Amino acid sequence: KKYGYITETGEFIIKAQYSYASDFNNGVAIVSINEKFVMIDMQGDILFSSDNGISDYKNGAAIFSSIKGDNLLYGYVEDTGKVIIEPQFENAYEFNEKGKAYVKLTDGNYALINRKGEILISYNFNEKYSNIYQMVDDYAIYYDSNSGKYGVDNLVSGDVIYEPIY
């Protein structure tokens, strides 16, 4: 099965050639062709390419991964194809509307960064947060391996919002 892009009248603007194709967001889409992930513009021109993966473009950037030595690391690329933060994180989350994103550093700690990759807040989490599923605003959704369930905590105040009951 191959994917391409059509106009509202059904005319192909980019022929069906991709094994995966996201929706366009801010004039770019993420597609997969020949086992590579690429960011394309509305004419089908390649803006950025990765052998390992690119997330959908959201809030001004896409997350991409790259193998560095024995490690798979994550960085950020903007909609022009320009890398804004080189791959250096063990894990990375999308930027929010305020231009901030959570990342997992290679030392195992988490941090809140800006679009320049500068650390705004560093989090030295304990074992409880070793399996963070998602970080949104000031909250962490984490998996508790003892109970097999998910919980939510406020990262700033340290308050438990929901015990791991889900």
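Worth saying up front: this structure is predicted, and the values here are computed from it rather than measured.
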K.L.:
Got a donor-acceptor contact below 3.5 angstrom from the Asp79 side chain to the Val28 backbone?
P.N.:
no

K.L.:
Do the side chains of Tyr142 and Pro164 get nearer than 4.5 Å, heavy atoms only?
P.N.:
yes

K.L.:
Starting from Tyr18, can I reach Phe24 by hopping between I/L/V/M/F/W/Y residues whose side chains sit under 4.5 Å apart?
P.N.:
yes

K.L.:
Keeping the roles fixed (side chain from Ser50, backbone from Ser65), state whether a donor-acceptor pair exists under 3.5 Å.
P.N.:
yes

K.L.:
As a test of understanding, state which of Tyr150, Tyr162, Tyr166 forms a side chain to side chain contact (heavy atoms under 4.5 Å, CB included) with Ile141.
P.N.:
Tyr150

K.L.:
Would you say that Ile85 contacts Ile113 through its side chain, given a criterion of any heavy-atom pair below 4.5 Å between the two side chains?
P.N.:
yes

K.L.:
Flag the pair Tyr74 / Phe64 as yes when their ring centroid distance falls below 6.0 Å, and as no otherwise.
P.N.:
no

K.L.:
Give a yes or no on whether Val103 and Leu73 share a hydrophobic cluster (residues Ile, Leu, Val, Met, Phe, Trp, Tyr; joining criterion: side-chain heavy atoms under 4.5 Å apart).
P.N.:
no

K.L.:
Does Asp144 pair with Lys149 as a salt bridge, N-O distance under 4.0 Å?
P.N.:
no

K.L.:
Give a yes or no on whether Tyr93 and Phe95 share a hydrophobic cluster (residues Ile, Leu, Val, Met, Phe, Trp, Tyr; joining criterion: side-chain heavy atoms under 4.5 Å apart).
P.N.:
no

K.L.:
Do Tyr57 and Asn26 pass the side chain to side chain contact (heavy atoms under 4.5 Å, CB included) test, and can you show the C-alpha distance, the side-chain angles, and the key distance before you say yes or no?
P.N.:
CA-CA 8 Å; Tyr57 176 85; Asn26 204 45; 3.3 Å; yes

K.L.:
Taking atom CD as the centre, does Glu11 end up with more than 12 heavy-atom neighbours from other residues, nucleotides or ligands that are less than 6.0 angstrom away?
P.N.:
no

K.L.:
Using the rule that Ile, Leu, Val, Met, Phe, Trp and Tyr join whenever any side-chain heavy atoms are under 4.5 Å apart, tell me whether Ile6 and Met42 fall into a single cluster.
P.N.:
no

K.L.:
Has Asn34 got a side-chain atom pairing as donor or acceptor with Lys36's backbone, closer than 3.5 angstrom?
P.N.:
no

K.L.:
Ring centroids only, cut at 6.0 angstrom: are Phe37 and Tyr20 within range, meaning strictly under it?
P.N.:
no

K.L.:
Between Phe89 and Leu105, is a side chain to side chain contact (heavy atoms under 4.5 Å, CB included) present by the stated rule, with each step listed?
P.N.:
CA-CA 5 Å; Phe89 307 113; Leu105 306 172; 3.9 Å; yes

K.L.:
Do Ile40 and Val77 sit in one hydrophobic cluster, given that two such residues count as connected whenever their side-chain heavy atoms are within less than 4.5 Å of each other, even indirectly?
P.N.:
no

K.L.:
As a quick check of understanding, evaluate side chain to side chain contact (heavy atoms under 4.5 Å, CB included) for Ile33 and Val38, giving each step before the final call.
P.N.:
CA-CA 8 Å; Ile33 186 168; Val38 296; 4.3 Å; yes

K.L.:
Let me see the working for Asn154 and Asp159 under side-chain hydrogen bond (donor to acceptor under 3.5 Å, both in side chains), right down to the final yes or no.
P.N.:
CA-CA 5 Å; Asn154 182 306; Asp159 293 340; 5.8 Å; no

K.L.:
Tell me whether Gln43 contacts the main-chain N or O of Asp41 through its side chain, where contact means a donor paired with an acceptor under 3.5 Å.
P.N.:
no

K.L.:
Distance-only, no hydrogens or angles: does the Asn96 side chain make a donor-acceptor pair with backbone N or O of Lys98 under 3.5 Å?
P.N.:
yes

K.L.:
Is NZ or CZ of Arg115 both nearer than 6.0 Å to the six-membered ring centre of Tyr76 and within 45° of the ring axis?
P.N.:
no

K.L.:
Kindly indicate, with the supporting measurements, whether the criterion side chain to side chain contact (heavy atoms under 4.5 Å, CB included) is fulfilled by Lys58 and Asn25.
P.N.:
CA-CA 7 Å; Lys58 292 184 182 165; Asn25 186 335; 4.3 Å; yes

